[in-house]
2 protein chains.
Amino acid sequence: MYSNFTVDCVILGFHEGELKVLLAERNEYPFKDWWALPGFFVDNDEEMEDAVKRILYENTGLKDVFMDQLHSFAGLKRHPKGRILTVAYYALIQLDNTKLKTKPVTNYMKQAKWFPVRNVPELAFDHKQILDLCLERLQRRLAYKPIAFELLPEKFTLTQLQLVYEGILNKTLDKRNFRKKMQNYGFLKELDEVQTGVAYRAARLYKLDKRKFLKHFQNTVAF
Amino acid sequence: MYSNFTVDCVILGFHEGELKVLLAERNEYPFKDWWALPGFFVDNDEEMEDAVKRILYENTGLKDVFMDQLHSFAGLKRHPKGRILTVAYYALIQLDNTKLKTKPVTNYMKQAKWFPVRNVPELAFDHKQILDLCLERLQRRLAYKPIAFELLPEKFTLTQLQLVYEGILNKTLDKRNFRKKMQNYGFLKELDEVQTGVAYRAARLYKLDKRKFLKHFQNTVAF
DNA sequence: ATTCAAAGTGTAGAATATACACTATAAAAA
DNA sequence: TTTTTATAGTGTATATTCTACACTTTGAAT
């Protein structure tokens, strides 16, 4: 039995140097055939976060995904059938080629597809507003939440890390300054491993020491 | 006619060097006689923000108050009568002696009273969690939203401003460094006026140039 | 052996942050 | 009118962080 509110989820991944969002093509009215953020009604006996997890699983096949609440939207006119409150979340996944191929998994949507976040089709409801808010929040939270690392595989190169920062901040960064700063933070573990399968000099791999990351940023506020 | 969700509001003011929150003593079950954040059901045909404004007006007599959404809470067990989703807001008011004297204004509460934010009684529902989240958010948002200024009268002294910053950040700041930094930002208008009614040297008054404030901070993110 | 494509590295100057203590002023009290 | 009191208001030196900037190294492919 459904409750009377929904969750909508901005599912983000990073692929080919770009931040991408998973959108669903709706197969139901209103906004049938429009692209929208994956979302659905929360069940009456279901925790809200579990509903988000369910949507994530249906759309990506993944469990244990990093997620965070964004904002709630309850405008009287946001849904043509009357007010439907929605709680928006974002989720960050490690997107790779295997996950790029999406399949329709629920009957209320025709297909799901990844789009570059800054080049999405027109979206249903107020979903464009939700996406924009998400991107703005990510820029701020990047500084004190392990956002960049949730978008990367466990082992990553500094160049990959820089590309994620650039994708979220939507601007290019200086390579040397970026590396210096990251390494000075002290929460990157340098591994004795390098990249494989590249046709040029292989880059060193790093891991995040989440413990040190959180300790470093728990008291990071102005002044 | 009530909808099925509520708004709860962390109403904050600054008085006698301390950040204070307005709490309401409940006159209804559940949690009758407990202190709680002011909040109530949103009407079916009422915008959520208007509901917050209504609660603010009932409790403080003020309109046009600065407010911002915090987070939504929808735990199945947060309310003994079943899940009630609540959207938490915070609001910042200019608290002075006239506003300190509160009166009971609604029948679902016995009285309202101001408490120092870091010394509140045990709260109903998950309201302590909401308050703590609010204080944490304020610390972060202080750096890019005009939070400190919403807690002060239009004209204020630098010492008053510093006290607000200290109250929110919950630590003391260096006077000279604080003033230097604030004045360097360039969004404070120095007035040709000084404080009145003090028994010692009167301090110069300042106003916020909100336009410059927002311009200054709109692009303030890491890197 | 050469080419290619990306990895990896240092330094100088600018800006910002921090630590720190005394003088100036206005009203009140003597 | 002088003195006291309480807060306003101010500068400098050092440390830290930020920024701009270009070449050498490496490993695979040709």
Side-chain angles (χ1 to χ4, degrees), chain A residues 14-18 139 142-144 152-153 155-167 169-207 216-217 219-223, chain B residues 14-18 139-140 142-144 152-153 155-167 169 171-207 216-217 219-223:
Chain A
F14 195 77
H15 188 70
E16 286 175 342
E18 263 191 322
Q139 292 193 343
L142 187 57
Y144 59 94
L152 287 170
K155 301 172 180 180
F156 51 84
T157 70
L158 293 179
T159 298
Q160 289 170 340
L161 184 61
Q162 181 174 345
L163 286 169
V164 172
Y165 269 79
E166 291 181 339
L169 296 173
N170 205 19
K171 65 180 178 189
T172 57
L173 301 171
D174 179 85
K175 185 172 167 183
R176 275 174 292 188
N177 293 339
F178 178 81
R179 288 165 173 250
K180 223 184 310 168
K181 192 166 169 177
M182 279 295 153
Q183 287 173 315
N184 279 349
Y185 282 145
F187 49 67
L188 293 185
K189 268 204 291 280
E190 185 176 323
L191 302 179
D192 287 332
E193 273 176 86
V194 293
Q195 243 178 341
T196 56
V198 286
Y200 42 81
R201 178 177 177 182
R204 160 146 277 123
L205 291 170
Y206 291 79
K207 272 171 91 166
H216 191 272
F217 284 118
N219 291 315
T220 310
V221 284
F223 285 90
Chain B
F14 195 77
H15 188 70
E16 286 175 343
E18 262 191 324
Q139 292 193 344
R140 292 231 129 85
L142 188 56
Y144 58 94
L152 288 170
K155 300 173 181 181
F156 51 84
T157 71
L158 292 179
T159 298
Q160 289 169 341
L161 185 61
Q162 182 175 344
L163 286 169
V164 173
Y165 269 80
E166 291 181 338
L169 296 174
K171 65 180 178 191
T172 57
L173 300 172
D174 179 86
K175 185 173 168 183
R176 276 175 290 189
N177 293 339
F178 178 82
R179 291 158 102 96
K180 222 184 312 170
K181 192 165 168 177
M182 279 296 152
Q183 287 174 314
N184 279 349
Y185 281 145
F187 49 67
L188 292 185
K189 267 203 293 277
E190 185 176 323
L191 303 179
D192 287 331
E193 273 176 86
V194 293
Q195 243 177 340
T196 56
V198 287
Y200 42 80
R201 177 176 178 185
R204 160 147 276 121
L205 291 170
Y206 291 80
K207 271 171 92 166
H216 190 271
F217 285 118
N219 292 314
T220 310
V221 284
F223 284 91

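As the structure is a prediction and not an experimental result, all values here were calculated from the model. Labels below follow one simple rule: chain letters A, B, ... track the order of the sequence lines, proteins then strands, and each chain is numbered from 1.
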Participant: Please name the pair of heavy atoms, one in L161(B) and one in M182(B), separated by the smallest distance, quoted to 0.1 Å.
Facilitator: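 For L161(B) versus M182(B), the nearest heavy atoms are CD2-SD, 3.8 Å.
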Participant: With a 4.5 Å limit on heavy-atom distance, are the side chains of Y165(B) and L173(B) in contact?
Facilitator: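 A side-chain contact under 4.5 Å exists here.
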Participant: Identify the heavy atoms of L191(B) and R204(B) that sit nearest to each other, and give their distance.
Facilitator: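 Taking every non-hydrogen atom into account, O-NE, 2.9 Å.
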Participant: I'd like to know if the side chain of K180(A) pairs up with that of N177(A) as donor and acceptor (distance under 3.5 Å, no hydrogens or angles considered).
Facilitator: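 There is such a pair between these side chains.
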Participant: Applying the side-chain hydrogen bond (donor to acceptor under 3.5 Å, both in side chains) test to Y206(B), which of E193(B), Q160(B), Q183(B) qualifies?
Facilitator: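 Only one option passes, and that is Q183(B).
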Participant: Identify the two heavy atoms, one from Q162(A) and one from D174(A), that lie closest to each other, and give their separation to 0.1 Å.
Facilitator: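 Minimum heavy-atom contact is NE2-C, 4.1 Å.
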Participant: Without decimals, in angstroms, what is the distance between R204(B) CZ and dT25(C) P?
Facilitator: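 Going from CZ in R204(B) over to P in dT25(C) covers 12 Å.
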Participant: Do F178(A) and T159(A) touch side chain to side chain, with heavy atoms closer than 4.5 Å?
Facilitator: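 No - every pair of side-chain heavy atoms lies 4.5 Å or more apart.
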Participant: Base, sugar-phosphate or nothing for T159(B)? Non-hydrogen atoms, less than 4.0 Å.
Facilitator: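 Result for T159(B) = sugar-phosphate.
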Participant: On DNA chain D, reading 5' to 3', which nucleotide is the first and which the last to sit with an atom under 4.0 Å from a heavy atom of chain A, could you check?
Facilitator: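 Range of nucleotides touched by chain A: dC18(D) to dA29(D).
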Participant: Measure CZ/F178(A) against C1'/dG10(C) and give the value in whole Å, please.
Facilitator: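 About 18 Å, once rounded to whole Å.
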Participant: Are any of the side-chain heavy atoms of L205(A) and T157(A) separated by less than 4.5 Å?
Facilitator: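 The answer is yes; the side chains approach within 4.5 Å.
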Participant: Kindly give the heavy-atom pair with the smallest separation between Y185(A) and H216(A), and that separation in Å.
Facilitator: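 The answer is CD2-CE1, 3.3 Å.
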Participant: Through what angle, rounded to 10 degrees, does the axis of the helix from dA1(C)-dT30(D) to dA30(C)-dT1(D) turn between its ends, using five pairs per end?
Facilitator: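 One end's axis against the other's: 10°.
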Participant: Nearest nucleotide by nearest heavy atom, which residue falls closer to the 5' end of DNA chain C, V194(A) or A199(A)?
Facilitator: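 Its nucleotide being nearer the 5' end, the pick is A199(A).
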Participant: A side-chain contact here means heavy atoms from C-beta on lying under 4.5 Å apart; do Q139(A) and L142(A) qualify?
Facilitator: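 No - every pair of side-chain heavy atoms lies 4.5 Å or more apart.
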Participant: Protein within reach of the bases, or only the backbone? For nucleotides 14-23 of chain C, mark each nucleotide 5' to 3' as B, S or -, using heavy atoms under 4.0 Å.
Facilitator: ---SBBBB--
